[in-house]
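Contents: one structure, followed by commentary.
Chain letters run A, B, ... following the sequence lines, proteins first and then strands; every chain starts at 1.
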Amino acid sequence: MAATTNADPENSELRTPSNFLREIIAEDVSSRKFGDAQIQTRFPPEPNGYLHIGHAKAIFLDFGLADEFGGRTNLRFDDTNPEKEEQEYVDSIQRDVRWLGYDWERLCYASDYFPQLYEWALQLIKNGKAYVDDLSADEIRRYRGTLTEPGKDSPYRNRSVEENLDLFVRMKKGEFPDGSRVLRARIDMVSPNLNLRDPVMYRILHATHHRTGDEWCIYPMYDYAHGQSDSIERVTHSMCTLEFADHQPLYRWYIEQLGIFPSQQIEFDRLNLTYTLLSKRKLLQLVQEGRVRGWDDPRMPTLSGIRRRGFTPEAIRAFVASAGVSRTNGIVDIEMLEHFQRDDLNRRASRAMAVLRPLKLVIDNYPEGQQEFVEVANNPEDPSAGTRQVPFSRELYIEQDDFREVPPPKYYRLSPGREVRLRNAYFVTAQSVAKDAAGNVIEVHCTYDAASRGGNSPDGRKVKSTMHWVSAGHAILAEIRLYDKLFNKISPGDAPEGGSFLDNLNPNSLEVITDAKLEPSLGSAKLEDRYQFERVGYFSLDPDSTAEKLIFNRTLALKDSWAKIEKKAEAYGNS
RNA sequence: UGGGCGAUCGUUCAAUGGUAGGACAGUGCCCUUUGGAGGCACUUAUCCAGGUUCGAAUCCUGGUCGCCCAGCCA
């Protein structure tokens, strides 16, 4: 299996109308640019952090496009910098790619190509295309020139092939300390493209690599490793993000000098989301400083974070497909992601009743000690999901928000004298309230209409509101974690004057409710189950959950038009 | 400021010289045993100035604005 996307053109769900990447590939296929070679792509993360929603776009494109053209995709770890890379990240990346719904043809590592890359470096030296430079990092930077000034040649640029060979071999043997020498490509110190001003190919790094251990003490740079790795894997279309566009001439230069398979690089725009930070470095900082609980904190934009939050791969794929691809740098509204997630969950999530902030509701004319079961649809969107029995009794919990002693305009829920429907159960009319010493309503007393069982009155009486409820005597207790945006600024990476991006953190991004009341069926919830707590939002079990203590995460709240009305009223001066 | 890339509704992606369209967001109405979902409708865009053409978002010229590049990171 290559990928679980849509090889079938009939299945248009994930098809965007058209995009420039698909057109390039289609053109290359019809012109037989690569002869009989199949379309080959690769997803090439560096294992130096966890994958995030931005990577989902690259994954979707790399795997999805290859699949569309009957091609294959490799997962390749770009592990050329041992100082930042770890096995933990290698593992998490594989887990996340699979979770998104993709499987790779081959699992590759740039480090597997170290011997070949080394041989090729020797070849370039012999051809006079590479040299060992003794300049310090600082000197190299100064010799490179600037954006507007040309660079100048290193005094070591014209060493003999023999001397370069000798020095490079000894670099590999470990005869020199870190930073003392580098191998550079001999290209053009006055090129307007800085990447072509004799770029470094190898640096000395006496560091232990997570896969090759201490076998190497010289490591190839990204530019020297990436194109050749593509070429080795016979990658036809090497898609990467826009910031690498300036590297393309160098990518081609190495391949041409070596005369190897002509992989081609194509750049597309990165995914940016409002209120979302997608910088690996800054996400790492949040984790290291304990600003979040870890890489999989449900507020994190990492795939492991949003997975824990309850997001689904189907929704993420649909979102990424719909957001499209281009070469502009824009920022997609986070609400678009949320829309696709709600849309997916609305179709699939089992409905349940849960009261987050309980208020006791007592039905005075319901016989004490009596209980009954009402039949409830598991998913009104999907009759095949069946029904379940939910216990009902004299004492219930309703949501605090669902009762107002003095109802504001347009408030349809329960208030003294008003009749509403308890979902799937009965009509009730509020009669009186009980208050604590501070004057807070702690109990609402009501009467019910026994003839309205199931939720309809035989006389055709209408009510304006339907509310969820949980039988007090049957309720199970749970902790609920409510999440809000991690940052309260559209572009969280933009630091305020004299501050840092941490100043943009939303102090209220996590709210924990410890005494939510759930209907009994929720007691058997499993990690992979998705629920809609009716009228509240989408929820799923958190891995912290135990048999003794249920913990649910709110994936997303339901759209709330009453909240909108309330907010508007407030804006108009509480009229 | 040298080089590269780009510019279409508020946002995002289409339209490949021939009716500027979809999605998200927003607004209004309808419907509803979730103030959810659904349905209908509405609002809003081709960066600017010239040119080519019967016809330009698209091609040409010149501007303007934005992003990226001066790691022995990727």
**Request:** Respond yes when some side-chain nitrogen or oxygen of Arg327(A) is under 4.0 Å from OP1 or OP2 of G4(B), and no when none is.
**Result:** no
**Asked** Thr80(A) side chain N/O closer than 4.0 Å to the phosphate oxygens (OP1, OP2) of A74(B)?
**Response** yes
**Prompt:** Do the side chain of Asp560(A) and the base of G36(B) come within less than 3.5 angstrom through a donor-acceptor pair of N or O atoms?
**Reply:** no
**Asked** Using 30° and 60° as the class limits, which term best fits the ring planes of His209(A) and Phe114(A): parallel, tilted or perpendicular?
**Response** perpendicular
**Request:** Under 4.0 Å between any heavy atoms, over every strand shown, what does Met221(A) touch: base, sugar-phosphate, or nothing? Just pick one.
**Result:** sugar-phosphate
**Request:** Please identify each residue that fulfils salt bridge (Lys or Arg N to Asp or Glu O under 4.0 Å) with Asp134(A), with sequence neighbours left out.
**Result:** Arg159(A), Arg181(A)
**Message:** Given the structure, check if the side chain of Arg535(A) and the base of G35(B) hold any donor-acceptor pair shorter than 3.5 Å.
**Reply:** no
**Message:** Is the distance between the ring centroids of Phe539(A) and Phe533(A) under 6.0 Å?
**Reply:** yes
**Among Arg157(A), Arg186(A), Arg144(A), the one residue meeting salt bridge (Lys or Arg N to Asp or Glu O under 4.0 Å) with Asp198(A)** = Arg157(A)
**Request:** Indicate yes or no: does Arg413(A) engage Glu399(A) in a salt bridge with an N to O separation below 4.0 Å.
**Result:** no
**Fill in**
pair_partner(U46(B)), Watson-Crick or wobble, both distances < 3.5 Å, evaluates to none
**Message:** Can you measure Arg423(A) atom CZ to G35(B) atom P for me and round it to whole angstrom units?
**Reply:** 8 Å
**Message:** Let's test this: given Watson-Crick or G-U wobble pairing with both distances under 3.5 Å, identify the partner of A15(B).
**Reply:** none
**Asked** Should Glu83(A) and Arg203(A) count as an ion pair when the cut-off is N to O under 4.0 Å?
**Response** no
**Asked** Touch check for Asp269(A), heavy atoms < 4.0 angstrom, all strands: base, sugar-phosphate only, or nothing?
**Response** sugar-phosphate
**Request:** Searching all strands shown, indicate the nucleotide that pairs with C67(B) (Watson-Crick or G-U wobble; both distances under 3.5 Å).
**Result:** G4(B)
**Message:** Any side-chain N or O of His468(A) below 4.0 angstrom from OP1/OP2 of U34(B)?
**Reply:** no
**Asked** Should Arg22(A) and Glu68(A) count as an ion pair when the cut-off is N to O under 4.0 Å?
**Response** yes
**Message:** Side-chain N or O of Lys559(A) versus OP1/OP2 of U34(B): is the shortest distance under 4.0 Å?
**Reply:** no
**Prompt:** Would G10(B) be called syn or anti, given that syn covers angles within 90° of 0?
**Reply:** anti
**Message:** Need one value for Gly330(A): base, sugar-phosphate or nothing, where a base atom within 4.0 Å counts as base even if backbone is also close, heavy atoms only.
**Reply:** sugar-phosphate
**Message:** Please give the distance between the C1' atoms of A14(B) and G22(B) as a whole number of Å.
**Reply:** 7 Å
**Request:** Look at all strands and tell whether Ile204(A) reaches a base, only sugar-phosphate, or nothing, counting heavy atoms closer than 4.0 Å.
**Result:** nothing
**Message:** For a quick test of reading the model: is some side-chain N or O of Thr274(A) closer than 4.0 Å to OP1 or OP2 of U11(B)?
**Reply:** no
Show the distances under 3.5 angstrom between N or O atoms of the protein and N or O atoms of nucleotides 44-46 of chain B.
none

**Request:** Can you tell me the distance, in whole Å, between the NZ atom of Lys464(A) and the P atom of G35(B)?
**Result:** 13 Å
**Request:** For U34(B), take OP1 and OP2 only and decide whether either is under 4.0 Å from a side-chain N or O of Arg421(A).
**Result:** no
**Request:** Please report, rounded to the nearest Å, how far the P atom of C24(B) is from the CD atom of Gln341(A).
**Result:** 15 Å
**Request:** Answer yes or no: does a side-chain N or O of Ser561(A) lie under 4.0 Å from OP1 or OP2 of G36(B)?
**Result:** yes
**Asked** Counting only distance, no hydrogens or angles, is the base of U34(B) paired donor-acceptor with the side chain of Gln532(A) under 3.5 Å?
**Response** yes
**Prompt:** Any side-chain N or O of Arg197(A) less than 4.0 Å from the OP1 or OP2 oxygen of G2(B)?
**Reply:** no
**Asked** What is the nucleic acid contact for Glu335(A), judged by heavy atoms within less than 4.0 Å: base, sugar-phosphate only, or nothing?
**Response** sugar-phosphate
**Message:** Categorize Leu183(A) for me: base, sugar-phosphate, or nothing, with a 4.0 angstrom heavy-atom threshold over every strand shown.
**Reply:** nothing
**Request:** Record whether the side chain of Glu381(A) comes under 3.5 Å of the base of G36(B) through a donor-acceptor pair of N or O atoms.
**Result:** yes
**Item:** Ser326(A) vs C13(B): side-chain N/O to OP1/OP2 distance below 4.0 Å
**Value:** yes
**Request:** Using a heavy-atom cut-off of under 4.0 Å over every strand shown, decide if Val200(A) touches base, sugar-phosphate, or nothing.
**Result:** sugar-phosphate
**Prompt:** Tyr109(A) ring centre to Arg211(A) NZ or CZ under 6.0 Å, with the angle to the axis within 45°?
**Reply:** yes
**Item:** Nucleotide opposite G55(B) in a Watson-Crick or G-U pair, distances under 3.5 Å
**Value:** none
**Request:** Indicate yes or no: does Asp560(A) engage Lys564(A) in a salt bridge with an N to O separation below 4.0 Å.
**Result:** no
**Asked** Think Lys280(A) has a side-chain N or O under 4.0 angstrom from the OP1 or OP2 of C73(B)?
**Response** no
**Request:** Figure out the OH/C1' separation between Tyr222(A) and A74(B), and round it to whole Å.
**Result:** 7 Å
**Message:** Partner lookup for C40(B), please. Criteria are Watson-Crick or G-U wobble with both distances under 3.5 angstrom; report none if nothing qualifies.
**Reply:** G28(B)
**Item:** Aromatic ring proximity Tyr222(A)/His226(A), centre distance under 6.0 Å
**Value:** yes
**Asked** Does Thr328(A) place a side-chain N or O at less than 4.0 Å from the phosphate oxygens OP1/OP2 of U12(B)?
**Response** no
**Item:** For U34(B), the Watson-Crick or wobble counterpart (both distances under 3.5 Å)
**Value:** none
**Request:** Scan Phe244(A) against the nucleic acid and name what it touches under 4.0 Å (heavy atoms): base, sugar-phosphate only, or nothing.
**Result:** base
**OP1 or OP2 of A74(B) under 4.0 Å from side-chain N/O of Arg203(A)** = yes
**Request:** Would you mind classifying the nucleic acid contact of Arg181(A) as base, sugar-phosphate or nothing, using non-hydrogen atoms under 4.0 angstrom?
**Result:** nothing
**Request:** Take atom C1' in G71(B) and the same atom in A7(B), then report the distance between them in whole Å.
**Result:** 31 Å
